Amino acid sequence: MVNAFIGLGSNLDNPKDHVRQAIEDLKQLPQSQLLLASKLYLSKPVGPQDQDDFVNAVVLLATELEPLALLDELQSIEQHHQRVRERHWGPRTLDLDLLLFADQTIQNSRLTVPHTELSRRDFVIGPLLELCPELLLPNGTPLQQLLQQCPIDGLICIEA
């Protein structure tokens, strides 16, 4: 079993419910066990600002799935929530991102881990810090250090 951190986000059709249900869906993944789930946070959208704020969370999953198999499962959950990709960084019912997979660095046509935007997203850094404040990224950077370049003071905790 390896630890994987998954980022969750939604800003359409009752986003809190989509994120809550996605956490429940993640509990049902094969060869996996949900270990921790962060609080829910409200954040401003990245990219186009003509959309509602996002509800975000991060979960820690122990899994025996390989990274691409886990990605397939995450995309299946997104489809179950009627995820539509109309525009880059646009509104969505559910977005599930594989943020970290053990201490691995992965780069292929379908998957980049650590997630390419991890160090620039307060809605990822905040929940990650909540779950694992001593976390080191695969390159050895302490998660705490990311706060210097991406403060999390714009996050609003909306539900424990």
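Nothing here was measured: the structure is a model prediction, and the numbers come from that model. Position 1 is the first residue of the sequence, and the numbers go up from there.
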Q) Between Gln51 and Pro91, what is the shortest heavy-atom contact and its length? A) OE1-N, 2.9 Å
Q: Indicate yes or no: at least one non-hydrogen side-chain atom of Leu29 is less than 4.5 angstrom from one of Leu70.
A: yes
Q) Do you know the tightest heavy-atom contact between Pro45 and Asp53? A) CD-OD1, 3.6 Å
Q: May I ask you to check whether over 12 heavy atoms, not counting those of Gln149, lie within 6.0 Å of atom CD?
A: yes
Q: Flag yes if Phe54 and Leu12 sit in one hydrophobic cluster, no otherwise; membership is Ile, Leu, Val, Met, Phe, Trp, Tyr, and two members link when side-chain heavy atoms are under 4.5 Å apart.
A: no
(Q) Could you check whether any side-chain N or O of Ser43 sits under 3.5 Å from a backbone N or O of Leu155, counting only pairs where one atom can act as donor and the other as acceptor? (A) no
Q.
Please find the pair of heavy atoms, one from Pro67 and one from Gln104, that lie closest to each other, and give the distance.
A. CG-OE1, 4.2 Å
Q) Can His115 and Leu98 be said to form a side-chain contact (heavy atoms from CB on, under 4.5 Å), step by step? A) CA-CA 7 Å; His115 190 280; Leu98 180 51; over 6 Å; no
Q: Applying side-chain contact (heavy atoms from CB on, under 4.5 Å), run through Ile77 and His81 and close with a yes or a no.
A: CA-CA 6 Å; Ile77 292 170; His81 286 258; 3.9 Å; yes
Q) Between atom CG of Leu26 and atom CD of Gln21, what is the distance when rounded to the nearest 0.5 Å? A) 10.0 Å
Q) Are Val58 and Leu36 side-chain neighbours, meaning at least one heavy-atom pair lies under 4.5 Å? A) no
Q. Are Leu111 and Leu94 in one and the same hydrophobic cluster, where Ile, Leu, Val, Met, Phe, Trp and Tyr link if side-chain heavy atoms are under 4.5 Å apart?
A. yes
Q) Does Leu68 reach the side chain of Asn108, with side-chain heavy atoms less than 4.5 Å apart? A) yes
Q. Are Leu143 and Gln145 close enough that some pair of their side-chain heavy atoms sits under 4.5 Å apart?
A. no
(Q) Is it the case that the side chain of Ser32 and the backbone of Pro30 share a donor-acceptor pair, with hydrogens and angles ignored and the cut-off at 3.5 Å? (A) yes
**Q.** Close side-chain approach of Leu8 and Ile23, heavy atoms under 4.5 Å
**A.** yes
Q: Any chance you could measure Leu35, atom CG, to Lys27, atom NZ, to the nearest 0.5 Å?
A: 11.5 Å
Q) Side chains of Leu135 and Phe5: does their closest heavy-atom pair fall under 4.5 Å? A) yes
(Q) Minimum heavy-atom separation for Val113 and Phe101, please, with both atom names. (A) CG1-N, 3.5 Å
**Q.** Inter-residue atom distance Thr93.OG1 - Gln82.CD, 0.5 Å rounding
**A.** 6.5 Å
Q) Passes side-chain contact (heavy atoms from CB on, under 4.5 Å), Leu137 versus Leu146? Steps please. A) CA-CA 10 Å; Leu137 300 181; Leu146 298 182; 3.9 Å; yes
Q | Heavy-atom side-chain contact between Leu60 and Leu34 under 4.5 Å | A | no
Q | Separation between NE2 of His18 and CG of Asn11, rounded to the nearest 0.5 Å | A | 10.0 Å
Q. What are the two closest heavy atoms between Met1 and Ala62, and how far apart are they?
A. CE-O, 3.8 Å
Q | Spatial distance of atom OG1 (Thr112) from atom CG (Asp97) [nearest 0.5 Å] | A | 11.0 Å
(Q) I'd like to know if Glu159 and Arg20 make a salt bridge, using a cut-off of under 4.0 Å between side-chain N and carboxylate O. (A) yes
Q | Within-4.5 Å side-chain heavy-atom neighbours: Leu100 and Pro138 | A | yes
Q) Closest approach of Ala57 and Pro127, non-hydrogen atoms and distance? A) C-CB, 4.4 Å
Q | Salt bridge flag under 4.0 Å for residues Arg92 and Asp13 | A | no
Q.
Let me confirm one number: the CD1-CG distance from Ile6 to Leu96, rounded to the nearest 0.5 Å.
A. 7.5 Å
Q: For Glu64, look at atom CD and say whether over 12 heavy atoms of other residues, nucleotides or ligands are found less than 6.0 Å away.
A: yes
